[in-house]
Amino acid sequence: MGRSPPATSGVLLVLAHPALERSRANRALAKAAKGLAGVTLLDLYEAYPDFAIDIEAEQAALRTHDVIALQFPLYWYSTPALMKEWLDLVWLHGFAYGEGGTALQGKRLFVACTTGASAKAYHAQGYNRFAMDDFLRPLEQTAHLCGMVWETPFVVHGAAVKDDAALKAEAERYRARLVSLMPAEVEV
Amino acid sequence: MQSFLTQTLFYLGAAVISVPIAKRLGLGSVLGYLIAGVIIGPHALSLIGAEADVMQFAEFGVVILLFLIGLEVQPSTLWDMRKAIFGFGGAQVVATSVAIAGVAVLLGLPWQTALAVGMVLAMSSTAIVLQTLDEKGLRQGPVGRAAFGILLLQDLAVIPMFALLPFLATIAPEAHGEAAGHGASLVSHLPIWAQGLSVLAAVGAVVGGGRYLVRPLFRFIAKARLREIFTASALLIVVGVASLMQTVGLSPALGAFLAGVVLAESEFRRELETDIEPFRGLLLGLFFITVGAGVDLPLIVRQPLTLAGVVIGLMVLKFLVMLGLARLFGAPLRGAAAVATALAQGGEFAFVLLTFTVGAGVVGAPLAALLTAAVAISMALTPLAMILYERAADALDAAIPDVTPETGDFDEGEPDIIIAGFGRFGQITGRLLTANGFRSTVLDSDIEQIDLLRRFGRRVHYGDATRMDLLRAAGIERARMLIVALDDREKTVELVETARKAFPDLVILARAWDRRHAYDLLANGADAVERETFESALSLGETALRKLGFRAHRAHRAASFFRRHDRRTFEELRPMWGQEEAYILASRDAAKTMDRLLAADLSRMRPGDSGGSWDTASLEQELRERAEREGAD
């Protein structure tokens, strides 16, 4: 649509939370990231309340960022519906993977995820029976298929029961992590 | 005695000069009027006399004030306030009467006279207190609520006082004639039971008439669309009720208040308020001027110390009694001090009661003159006392941080949203908003529509929303949003434009007829618009696609794409609006772009062999090729 963005810029932070106004943890994280230079925030539920995702615009945004960060609460061991819809519709064959699908090659995929349960639950002996890494496997494989670098995920466990001070500390940690991901040529 | 015109000239001239000056000096308009009255009064420039007829006319201002207050008070609110009215109010009248009487006895008055003086001075001034609180913006809070409850009970207490005072007579009654003033009623010669009956009948007539007569009358007038007749009938009701009350010996102000309460639930409330408001201001001003004119300057010169003693004693005593009571009733210190300061003066009823007591032989004429002057001066001092109180409170605030903010339980009923026009469009928006817990005030000028909506239990007010004064009465100054859904293109633009000019920060949303109207509205200051047929037409189009065989989600996406492209073009063409040629060219161009984009979307979303998966044909092709290769391996 006639847009001519810079060749590459920093982090495209794709946030999916259907009720961000009620989420303390995700709001704290988003707030920490929002002020950062080099971070483009895309709040999916705000941009596409009707799920009618604008594929061209999204693909253009993906092309112009070096780091794709996905921030979401873990819902049923997966992403919220709209983030999955966004992956399904935007990360198409011929764009993200497959023949001619090279748009994301060499970029980095970074996942920031919050969970309700404590870290202990994500363990072979815990009630979720698998480690957090296992639940993020589909995204890891997505990165692999698209030729992307899989960054170590950022996970906040027990988000619902953390007090304000603990959340603030997590937000600081998150901010530092995002800065460390920033490509060298992006001025922070 | 000058002609009516010259008199009017002096009154208006004095008001126009002194009130703005007083306001500029931060003294408030009440003080301005009072000072104007003193200056043109019989004891200074003597431009006007102390005519009883002017006073009567001026007292009508208080009547209108109480009618307007009644309009603000719904019966349920009144019931919620019963503790403030009867508990706090009753205690105030009794305690203040006793305290003042006690001091009077100590000063050597016989106990009968002392008690009469106590009752007379226990009254506060409704007009001054409410006007002052209004100007300070305190009327709606807990302070205003408490003050209002007390004033209401004082108005009620006047009735038994008229009955009680004659029993306190110690002096041979003077000429009884006009002295009865307030008590003079057509029924005063009747036996007590008949008087009681006539009072009941009058109250019944106000309540019943308000409910079953006035509303049909207003509806009839509203249909005729004659604004001045609407105003005239509003005034007619106030005057009529006031005269009726006077006939049966009740306070006209109380009657007007009652009529206001009866009409508070009606759809005409806002329009009535707006129509009568200007009269209130002017007549109250006149009232304050006459009070000022009544201040007996020679008396002040003759007995300055005595008078000062009485005034200060009166105000300090009333302040202390009220402060103690308010604390006893659980008010926080600041609120209690504010109420006590506001109500520490003598009231307009004191003038009436004093004349009455002189006539009845309870209080001697010289004492009555002294007290009249003292009451008038205390009224004049009230705005000053309020200023002093605020200074003191601010100083205290600065010293001690306020840890217990006043908890106002008064439901101010301020709307979040004002909806102008409640026809087919406004109703849907309004329902969505109220269903989500937002308070809305609705204005509509179609009386049949209002009738219908009221039968469904909706709260709708009658009135032309393009009138700024009506919008103000509806609370637009405190509302967060104005939604314009009028059934008139021109009026919609006009309202958006005037509202934007008057309230730069208000969010204004408007219903537009079509694209051109939408651009017009945006150009005139609307924050957002919605073309009235756009969404519903789109929705029908989506249904059509479904009926033509599209699956629901695909039809929905097609409609969503169309919406997005249309909105985008709408924004892109917006700068061209007003330049006819450029606009037409650009819009032709945009239409072509849209067709192309929609076609692209459609071809991508066309169901493939696998029955409409999100994946595109290219993937299927590749998968087939890979399967063949693997099969060959």
Side-chain angles (χ1 to χ4, degrees), chain A residues 1-5 14 16 18-22 42-63 78-105 138-139 141-142 144-147, chain B residues 432 436-437 534-535 538-539 541-542 545 550-569 571-573 586 589-590 592-594 596-606 608 610 612-629:
Chain A
M1 304 267 316
R3 273 185 281 188
S4 55
V14 184
L20 195 61
E21 70 278 7
R22 283 191 279 129
L42 167 66
D43 182 345
L44 280 178
Y45 279 94
E46 196 62 26
Y48 301 113
D50 57 357
F51 274 54
I53 289 162
D54 185 342
I55 298 164
E56 268 82 25
E58 293 308 316
Q59 290 186 341
L62 285 171
R63 276 184 221 276
S78 181
T79 68
L82 184 52
M83 183 167 275
K84 181 66 165 59
E85 177 88 344
W86 176 77
L87 285 163
D88 292 350
L89 282 182
V90 180
W91 294 41
L92 289 176
H93 180 258
F95 167 79
Y97 68 102
E99 270 167 33
T102 56
L104 302 178
Q105 253 172 32
L139 289 171
Q141 171 54 24
T142 301
H144 178 77
L145 184 67
C146 299
Chain B
L432 173 66
N436 282 283
F534 185 72
E535 284 296 333
L538 210 55
S539 183
E542 186 182 323
L545 288 175
F550 275 34
R551 285 178 55 78
H553 195 54
R554 193 173 160 217
H556 183 73
R557 282 180 57 83
S560 302
F561 279 128
F562 187 90
R563 176 188 294 108
R564 181 156 62 225
H565 290 311
D566 186 86
R567 296 233 149 133
R568 237 174 237 171
T569 356
E571 282 306 318
E572 280 166 12
L573 294 186
D589 205 33
K592 259 186 235 152
T593 315
M594 174 170 320
R596 191 172 49 72
L597 283 169
L598 281 175
D601 283 337
L602 276 179
S603 74
R604 184 174 39 233
M605 301 314 294
R606 187 153 290 152
S610 51
S613 105
W614 285 135
D615 294 311
T616 43
S618 69
L619 174 65
E620 285 163 33
Q621 178 69 27
E622 193 180 324
L623 286 176
R624 266 196 298 275
E625 283 167 14
R626 189 179 300 162
E628 277 162 22
R629 273 203 304 279

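Chain letters run A, B, ... following the sequence lines, proteins first, then strands; residues in each count from 1. What you see below is based on every heavy atom in this structure, not just the backbone, and it leaves out hydrogens, waters and symmetry mates.
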Check your understanding: Which answer fits A:Phe95, side chain, backbone, both or neither, if we ask what part of it has an atom under 4.5 Å from a heavy atom of chain B?
Key ->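 Looking at A:Phe95, nothing touches chain B.
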
For [X] against [Y], the heavy-atom pair lying closest together:
| X | Y | value |
| --- | --- | --- |
| B:Arg557 | A:Ile53 | NH1-N, 4.2 Å |
| B:Arg563 | A:Asp50 | NH1-OD2, 4.1 Å |
| A:Tyr48 | B:Arg564 | CE2-NH1, 3.9 Å |

**Study point:** From A:Glu99 atom CD to B:Gln621 atom CD, the distance as rounded to the nearest 0.5 Å
**Key:**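 Taking CD in A:Glu99 and CD in B:Gln621, the distance rounds to 8.5 Å.
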
**Study point:** Approximate separation, where rounding is to 0.5 Å, of A:Asp54 CG and B:His565 NE2
**Key:**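 That separation rounds to 7.5 Å.
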
Point to revise | Beyond-backbone contact of A:Tyr97 with B:Glu622, side-chain heavy atoms, under 4.5 angstrom | key: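 SC-SC contact between A:Tyr97 and B:Glu622 ruled out.
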
Point to revise | Best-contacting candidate, A:Gly94, A:Gly100, A:Gly98, against chain B by heavy atom pairs under 4.5 angstrom | key: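 Among the listed options, the one with the most contacts to chain B is A:Gly98.
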
Review point. More than 12 heavy atoms of other residues, nucleotides or ligands under 6.0 Å from CD of A:Glu46: is that the case?
Key: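 Check fails, neighbour count at 12 or below.
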
